[in-house]
There are 2 protein chains.
Amino acid sequence: MTNIKKVSELAGVSTATVSRTLKMPDMVTARTKEKVMKAVKEAGYRPSWLATSVKTGRTNTIVVLVPNLINPFFMRIIGGIEQAAQERGFTVLLCDTQGDSKRESDYASMVLTNRADGLIQLDHSFPFNEDDAKLAETIPMVSVCERIHSDKKYPVVALDNYAASRALAHHLVSYGHTKFAVIVGQVVSQIHKDRLYGLRSVLTEENIEFDEDMIVGQSYSIENGIEGMRQLLAKPNRPSAVICFNDDIAIGAMHEIHRQGLSVPDDISVVGFDNVKVSAFMNPPLTTIDQPAYEMGRRGMEILSDVINGVPLTRSSEMLPFQLLERQSSGPAPL
Amino acid sequence: MTNIKKVSELAGVSTATVSRTLKMPDMVTARTKEKVMKAVKEAGYRPSWLATSVKTGRTNTIVVLVPNLINPFFMRIIGGIEQAAQERGFTVLLCDTQGDSKRESDYASMVLTNRADGLIQLDHSFPFNEDDAKLAETIPMVSVCERIHSDKKYPVVALDNYAASRALAHHLVSYGHTKFAVIVGQVVSQIHKDRLYGLRSVLTEENIEFDEDMIVGQSYSIENGIEGMRQLLAKPNRPSAVICFNDDIAIGAMHEIHRQGLSVPDDISVVGFDNVKVSAFMNPPLTTIDQPAYEMGRRGMEILSDVINGVPLTRSSEMLPFQLLERQSSGPAPL
DNA sequence: AGTATTATTGTTATCGATTACAATAATTAC
DNA sequence: GTAATTATTGTAATCGATAACAATAATACT
């Protein structure tokens, strides 16, 4: 190991001088700087990040809790986080929680064990229990992506799922649809409630009846889209418009519709959420809600950085705008 | 901050005893254990990972260099890495390099600065220059995914791209195709050479002429697939079989074919590499090479763990088996 | 019971840096 | 040329743990 002591001996100076040469170069003479730099190069020395962090008490690392790394939508958010992190000198530690609450608290406690300075979660499942809640209060933490339920105390950057859901519903209603169905993802989440509530509110306003039986599904996956669609098509009264709670589900749903020899959108209109990359290149291209994922990630990291640095927050919750992308998977209701 | 000293005072023992209680519980009396645990709970104490790592010289962290986090294929590999890492008590630090060599060496040097114990790269672009090469020799490192060029000194887990490419070519030849085209991804890579060489070898054996003009493309993206297909379709002699060097490219290619009113596979057969999740749910489902991505990640991490722990390697390179998935995007050549 | 042995616990050096403070060297002021 | 001031450098404490070694307490043995 080449440590600072070896370098100091090589350069014939004290360790303090070596440290200063590297961290505050204009505090040393040109002559010593030269000597030290030569020794540094000769020894191939790099200061130990660990040692530095112990001393300074800052790791310049943040943890991101990701429910599912495979999901490209989360990856877009992470792209934004990474960008903002890089600009601020933070390293991002990505943690795939698989929705497992044990893993979540494990990873979250990295902040407590001086492994990271702060935490971003891409849903807000954490904290779950009393212990974690107490833990959570002392941690710099930001939630990105999910609108927050009343009592959470940390800042949130979110999409207005309620409004987005209403936009999709209006879009479909304007095409004359009256027989709606929904394929949902994870049920216990604010996203879920908001989107469902958004749809219901529009249908009520438009005096369209909604059959509770037409809500199926349980996870944000292609397979769930297939299975959900299979269930819907097995029902006596086939829906003409299916709202899927993310694009993966929609992709699965379309696949099943095609498999059964039906057409999108002639027989059934399908819409999704997220604007995943491939959604534009499906056959037909998918109508979906574009979430400003990258931007959400950016803002989340900016806010977390402020929290870590003790900058007071202006507001605790931000809603970013969405956009309805009308493509070819939705069209007029069949007669 | 609640440190070990505070806990030791609270429990009325020495710091050593506290440390031992937590790390080697059967070295202390039941009575002291009780005292210490009470104090730990009362103070909400967690040992600083930083301090522990400085002292022990191990971070139990490994860095993974990922060219592109959005690519779900890499994510599958990472899933395997994470699994094996978890089992061995390692934390995975994911680093998105964006193919940027500066970022690559920055991240790679995390191992030198005691930020991580080892490194896995999902391509083998690193090291690029003399400095990095010297650096690379001292680092526990494994390359996953790409067959390695002769002179690299670290272990590799790879797919046999040559054989896989031959399998695809044979598949298409058996359908009577003679007019081949290729849409490639990143050109400067062993993957690229192996796949192209595999295709050429089959065509030569089968006495099928191959027009060099029919090689287009430059990146592993949907957009590149679209643009590449556009170029191919603009040529006087339209190909009947298009081999795309990953599924994203294939998705883009199919999209462009459909957009121009042609049919897959009636007019043109399209095949890809990777077996990305959505590829099975395209319309039509994509014929592709299934790479054992998860397994590759697993093996890579296993090997790296051995290298870190000083276990001697049995061999320096492993090839994992692939599988040709015949789906509906490939079919008989048109007359 | 008195000694030998083993099991616990405490003291203190250490990991590799940073930094407050002390010491020395270089300027500046007179 | 000497004193006062400032710029550099060195010494040693520190961050929060761990672990070698020493000291003490508890058990075993004759």
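Note that the structure is predicted; figures quoted are calculated from it, not measured. Per chain, numbering begins at 1; letters A, B, ... match sequence-line order.
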*If you measure from the Lys or Arg side-chain nitrogens to the Asp or Glu carboxylate oxygens, is any gap between B/Glu9 and B/Lys6 under 4.0 Å?*
no

*May I ask you to verify if any side-chain N or O of B/Thr52 is less than 4.0 angstrom from the OP1 or OP2 atom of D/dT18?*
yes

*Give a yes/no answer on whether the side chain of B/Lys23 brings an N or O atom under 4.0 Å of OP1 or OP2 in D/dT18.*
yes

*Does A/Thr17 have a side-chain nitrogen or oxygen under 4.0 Å from the phosphate oxygens OP1 or OP2 of D/dG10?*
yes

*Which residue lies toward the 5' end of DNA chain D, B/Arg20 or B/Leu50, if each is placed at its nearest nucleotide?*
B/Leu50

*Distance, nearest 0.5 Å, that separates CD1 of A/Ile81 from CZ of A/Phe74*: 10.5 Å

*Minimum heavy-atom separation for B/Met141 to B/Leu304, with atom names?*
N-CD1, 3.9 Å

*Just to confirm, is there a sub-4.0 Å distance from OP1 or OP2 of D/dT9 to any side-chain nitrogen or oxygen of A/Thr29?*
yes

*Give the rounded distance in Å between these two atoms: CD1 of A/Ile4 and C1' of C/dA17.*
6 Å

_Nearest-nucleotide 5' precedence on DNA chain C, B/Ser14 against B/Ala51_ = B/Ser14

*Is the phosphate of D/dT9, meaning OP1 or OP2, less than 4.0 Å from a side-chain N or O of A/Thr32?*
yes

_Rounded to whole Å, please give me the gap between CE in A/Met27 and P in D/dA7._
10 Å

*At under 4.0 Å between heavy atoms, what does A/Val28 touch on the DNA or RNA strands: base, sugar-phosphate, or nothing?*
sugar-phosphate

*asked:* Check the phosphate of D/dG10 against A/Thr15, side-chain N and O only, distance under 4.0 Å to OP1 or OP2. Yes or no?
replied: no

*Using 4.0 Å as the upper bound for N to carboxylate O, is an ion pair formed by B/Glu34 and B/Lys38?*
no

_Toward the 5' end of DNA chain C, by each residue's nearest nucleotide, B/Val13 or A/Tyr45_ = B/Val13

*So does A/Arg46 reach the base of C/dG16 with its side chain, donor to acceptor, closer than 3.5 Å?*
no

